[in-house]
There are 2 protein chains.
Amino acid sequence: MKRNTWQRQAVRSALGESAGFVSAQELHASLRDAGSPIGLATVYRALADLAVEGDADSLQSVEGESLYRACASPRHHHHLICRSCGTTVEVEADDVEEWAAATAARHGFTEPRHVIDVFGLCAACTSAGPRVAASPPSP
Amino acid sequence: MKRNTWQRQAVRSALGESAGFVSAQELHASLRDAGSPIGLATVYRALADLAVEGDADSLQSVEGESLYRACASPRHHHHLICRSCGTTVEVEADDVEEWAAATAARHGFTEPRHVIDVFGLCAACTSAGPRVAASPPSP
DNA sequence: AGCGACTTTGACAACCATTATCAATAACGG
DNA sequence: CCGTTATTGATAATGGTTGTCAAAGTCGCT
């Protein structure tokens, strides 16, 4: 059985307040900054639980870090993520869902799960920050 | 300028011979098994170079490991990966490309890079692997 | 071929996110 | 209120990846 501790509530609410996707480390840091003595391991555990229960989405950043976000809508959706400021937009992708399922089926694959996320620079960051050398032409 | 060393060639050809996606560690291990005294760091560097030059595709496994594969076609494509045996199929996704670009643009995002991969069970593993516990001799 | 400048290599240490450990603590049912 | 039992958290361990730097190799040039 799951017990209701202030730590889990803290993680839950901190996750709800953060705008985009957050890493466990970041979440732990901000909780600490807010004065909470919560432990790092606990944050990891709470996030993993939330993800399992379906109350949080999780995805891997391009660097391989696990990112979490409060799952707003029960509907299945994907994300458009600014790789500079972290802002995320939830996007519907019905067509793509179908494409994924159809493609899997056409090749005899079953139980398809897809990873479909788009990283880019949001409007604000685009105008603000042509900072690094041009990103390599995406393959 | 890039120099042409036997180490890079070894990595290149080893990558070309491997069927599906391979991790740097695995590739290093198999090179070592084949008698090559190549160093681990070198394998990482060679793979990173190959990925940058566009001669290899890279993606992150669900566990966050970086996986590489020789990029057969110069065309941009995505992958359908069996999460049981690792077999990969290259799939075209023009529609999805457009969708990603359009979606990014619609929200003011620029320089979109997308992560679109479908994991499933291939036909072989599907039939072989309804690995439900075999009913033991009921006493 | 020989030479010199400049890469590349590789053993090893450093890093960093994540997970396991385990005694102490706190939550819940009764 | 009490006992059971999940949970916490400081710390160690893990494991993939990257940095370090002297030694060795590669290439352009003559």
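Naming: A, B, ... by sequence-line order, numbering from 1 per chain. Basis for what follows: all heavy atoms, side chains included, without hydrogens, waters or symmetry-related copies.
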>> Contact between Leu50(A) and Leu15(A) at the side-chain level, heavy atoms closer than 4.5 Å - yes or no?
In response: yes
> Parallel, tilted or perpendicular: which describes the rings of Phe21(A) and His79(A), with under 30° parallel and over 60° perpendicular?
Replying inline: perpendicular
>> What is the distance, to the nearest angstrom, from the CD atom on Glu26(B) to the P atom on dT17(D)?
In response: 10 Å
> Closest nucleotide of DNA chain C for Ala24(A) versus for Arg45(A): which of these residues is on the 5' side?
Replying inline: Ala24(A)
> Does a salt bridge link Glu17(B) with Arg12(B), judged by any charged N lying under 4.0 Å from a carboxylate O?
Replying inline: no
> Roughly how many Å is it from CD1 in Ile38(A) to C1' in dA10(D), rounded to a whole number?
Replying inline: 14 Å
> When the distance from NE2 of His28(A) to C1' of dC16(C) is rounded to whole Å, what number comes out?
Replying inline: 15 Å
> In whole Å, what is the span from the CD atom of Gln25(A) to the C1' atom of dT18(C)?
Replying inline: 8 Å
>> By nearest atom, which of the nucleotides dA10(D), dG10(C), dT18(C) is closest to the Arg32(A) side chain?
In response: dA10(D)
>> Just the rounded figure in Å: distance from P of dT8(D) to CD of Gln9(A).
In response: 11 Å
>> Between Thr42(B) and dT9(C), is there a contact of a side-chain N or O with OP1 or OP2 at under 4.0 Å?
In response: no
> Within less than 4.0 Å of OP1 or OP2 of dT18(D), is there a side-chain N or O belonging to Tyr44(B)?
Replying inline: no
> Got Asp57(A) and Leu67(A) here, is their nearest side-chain heavy-atom distance under 4.5 Å?
Replying inline: no
>> Do Val11(A) and Leu27(A) make a side-chain contact, defined as non-hydrogen atoms from C-beta onward lying under 4.5 Å apart?
In response: yes
> Are any non-hydrogen side-chain atoms of Asp49(A) and Arg8(A) less than 4.5 angstrom apart?
Replying inline: yes
>> In this structure, how many angstroms lie between the P atom of dT21(C) and the CG atom of Leu40(A), rounded?
In response: 17 Å
> Looking for any heavy atom pair under 4.0 Å, which part of the strands does Arg8(B) touch: base, sugar-phosphate only, or nothing?
Replying inline: sugar-phosphate
> Whole-Å distance between dT7(C) C1' and Asp49(B) CG?
Replying inline: 12 Å
>> Please give me the minimum heavy-atom distance between Leu31(B) and Ala10(B), naming the atom from each residue.
In response: CD2-O, 4.1 Å
> When we call it a touch if two heavy atoms are under 4.0 Å apart, what does Gln7(B) touch: a base, just sugar-phosphate, or nothing?
Replying inline: sugar-phosphate
>> Base contacts versus sugar-phosphate-only contacts with protein, heavy atoms under 4.0 Å: please encode nucleotides 23-28 of chain C as B, S and - from 5' to 3'.
In response: ---BBS
>> In the structure I gave you, are the side-chain heavy atoms of His78(A) and Glu90(A) within less than 4.5 Å of one another anywhere?
In response: no
>> At 10 degrees resolution, what angle do the end axes of the helix from dA1(C)-dT30(D) to dG30(C)-dC1(D) form when each is taken over five base pairs?
In response: 40°
> Does Ser66(B) place a side-chain N or O at less than 4.0 Å from the phosphate oxygens OP1/OP2 of dG16(D)?
Replying inline: no
> Can you tell if the side chain of Arg69(A) reaches within under 4.5 Å of the side chain of Thr88(A), non-hydrogen atoms only?
Replying inline: yes
When the side chains of residues 34-45 of chain A are checked against the rest of the protein, which donor-acceptor pairs come out under 3.5 Å, sequence neighbours left out?
residue, atom, partner, partner atom, Å
Ser36(A), OG, Ile38(A), N, 3.4
Tyr44(A), OH, Gln25(A), NE2, 2.8

> Expressed in angstrom and rounded to an integer, what is the separation of Leu47(A) atom CG from dT18(C) atom P?
Replying inline: 10 Å
